[in-house]
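What's counted below: heavy atoms across the whole structure, side chains too, no hydrogens, waters or symmetry copies. Since the structure is predicted, the reported quantities are computational estimates derived from the model, not experimental observations.
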Amino acid sequence: FDGYGYRAVGANPSHAGWVVLLVRGDISTRNVPVGHNLPAVVAELVFNGEGKMKHSHRLLISSVHLMYSKGGATKRKTQVEDLLTIALSETQQSPLPFIIAGDTNMRESEDAVMEGGTIQLSDAWKLNGSD
């Protein structure tokens with residue numbers, strides 16, 4: 001990936017191989033430990049603003065490959081809760097946006113659980129006009 005300007009920030013096993021987080025080479029990163037039981041890689045990214053936004057930006061991002069199959073909903077919910085616990089522990093002193101990207105394997109029937117209750121995720125797909 002280096003030849004294309006990207007580098008692997010971390011890798012963790014999943015049910016179908018590996019989860020990898022690729023980041024553009026000019027973005028600073030700090031790996032966030034998640035353990036080997038969670039099919040995810042989490043990192044804090046720090047990148048410089050461009051144009052009118054001259055200050056740097058920080059966020060947490062996670063690359064995931066969550067539990068597969070229709071019957072995996074309970075396990076996926078637990079995996080997302082574990083990710084949120086990690087994100088909250090990392091940002092206690094300074095709150096940061098947290099993005100969960102990758103193969104979540106979510107079903108439409110899981111939307112109410114993920115977007116409501118204690119989890120309160122926002123779906124970027126829906127926020128941009130898709131249903």
Side-chain angles (χ1 to χ4, degrees):
F1 303 107
D2 290 335
Y4 296 97
Y6 291 87
R7 60 189 161 80
V9 174
N12 230 356
S14 81
H15 64 271
W18 291 88
V19 177
V20 178
L21 179 60
L22 298 176
V23 177
R24 204 171 68 193
D26 62 339
I27 297 175
S28 299
T29 61
R30 179 182 63 84
N31 285 17
V32 175
V34 298
H36 292 291
N37 294 327
L38 190 59
V41 177
V42 178
E44 178 182 350
L45 307 184
V46 181
F47 50 99
N48 294 323
E50 298 176 3
K52 294 180 182 180
M53 304 291 286
K54 294 292 184 191
H55 60 282
S56 65
H57 303 276
R58 297 173 51 230
L59 62 87
L60 284 179
I61 189 161
S62 177
S63 177
V64 302
H65 194 183
L66 302 182
M67 177 56 79
Y68 61 96
S69 84
K70 186 176 183 177
T74 301
K75 180 67 174 176
R76 281 189 292 278
K77 180 179 183 279
T78 301
Q79 290 172 327
V80 168
E81 289 170 335
D82 290 347
L83 283 169
L84 294 175
T85 298
I86 291 166
L88 287 172
S89 71
E90 286 295 315
T91 61
Q92 285 180 353
Q93 303 299 321
S94 176
L96 294 175
F98 181 47
I99 298 171
I100 299 173
D103 189 350
T104 64
N105 281 310
M106 297 287 175
R107 306 309 196 265
E108 193 173 332
S109 60
E110 297 172 68
D111 287 358
V113 171
M114 294 298 163
E115 296 170 2
T118 58
I119 296 180
Q120 298 287 315
L121 295 181
S122 297
D123 185 330
W125 184 257
K126 290 180 181 178
L127 291 174
N128 284 293
S130 294
D131 52 336

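Between the CG atom in Asn37 and the CG atom in Asp82 there is a gap of 9.0 Å [rounded to 0.5 Å]. Atom-to-atom distance recorded for Leu83:CG and Leu38:CG is 4.5 Å, nearest 0.5 angstrom. The distance from atom CE of Met106 to atom CD of Glu115, rounded to the nearest 0.5 Å, is 10.0 Å. Rounded to the nearest 0.5 Å, atoms CG (Asp123) and OG (Ser130) are 9.0 Å apart. A distance of 5.0 Å separates CG of Leu45 from CG of Leu59, quoted to the nearest 0.5 Å. For the atom pair Thr78 OG1 and Leu66 CG, the distance stands at 11.0 Å (nearest 0.5 Å).
Under the 3.5 Å distance criterion, the side-chain polar atoms of Arg7 are left unmatched by any main-chain donor or acceptor of Gly5. Side chain of Ser63 to backbone of Val20: a donor-acceptor contact under 3.5 angstrom is found. Remark: side-chain polar atoms of Asn12 are paired, donor with acceptor, to backbone N or O of Gly35 under 3.5 angstrom. Between the side chain of Glu90 and the main chain of Val32, no donor-acceptor pair closer than 3.5 Å is present.
With hydrophobic clusters built from ILVMFWY side chains whose heavy atoms lie under 4.5 angstrom apart, Ile27 shares a cluster with Leu21. Hydrophobic clustering of Ile, Leu, Val, Met, Phe, Trp and Tyr side chains at less than 4.5 Å, counting indirect connections, unites Ile61 with Phe47. With hydrophobic clusters built from ILVMFWY side chains whose heavy atoms lie under 4.5 angstrom apart, Val64 shares a cluster with Val80. At a threshold of 4.5 Å between side-chain heavy atoms, the hydrophobic network of Ile, Leu, Val, Met, Phe, Trp and Tyr places Ile119 and Val42 in one connected group. Residues Val113 and Met67 are members of separate hydrophobic clusters, defined by side-chain heavy-atom contacts under 4.5 angstrom among Ile, Leu, Val, Met, Phe, Trp and Tyr.
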Could you walk me through whether Leu96 and Phe98 pass the side-chain contact (heavy atoms from CB on, under 4.5 Å) check?
CA-CA 6 Å; Leu96 294 175; Phe98 181 47; over 6 Å; no
Under the side-chain contact (heavy atoms from CB on, under 4.5 Å) rule, what do Leu121 and Leu84 come out as? Steps first, then yes or no, please.
CA-CA 10 Å; Leu121 295 181; Leu84 294 175; 4.2 Å; yes
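Every residue two or more places apart in sequence or in another chain that forms a side-chain hydrogen bond (donor to acceptor under 3.5 Å, both in side chains) with Arg24 is listed here: Asp26.
Within the structure, salt bridge (Lys or Arg N to Asp or Glu O under 4.0 Å) contacts touching residues 34-43 (residues at least two apart or in different chains) do not occur. Sequence neighbours left out, the pairs with a member in residues 66-76 that pass side-chain hydrogen bond (donor to acceptor under 3.5 Å, both in side chains) are Arg76-Glu110.
Side chains of Asn105 and His15 form a contact here, defined as non-hydrogen atoms less than 4.5 Å apart. Looking at Met114 and Thr104, their side chains never come closer than 4.5 Å, going by heavy atoms from C-beta outward.
Contact detail for Ser14 and Val19: the closest heavy-atom pair is CB-CG2, 3.7 Å. For the pair Ala43 and Val9, the tightest heavy-atom approach, listed with the atom from each and the gap, is CB-CG1, 3.8 Å. Pairing each heavy atom of Asn31 with each of Gly10, the nearest pair is ND2-CA, 4.4 Å.
Within a 6.0 Å sphere centred on CD of Gln120, other residues, nucleotides and ligands contribute more than 12 heavy atoms.
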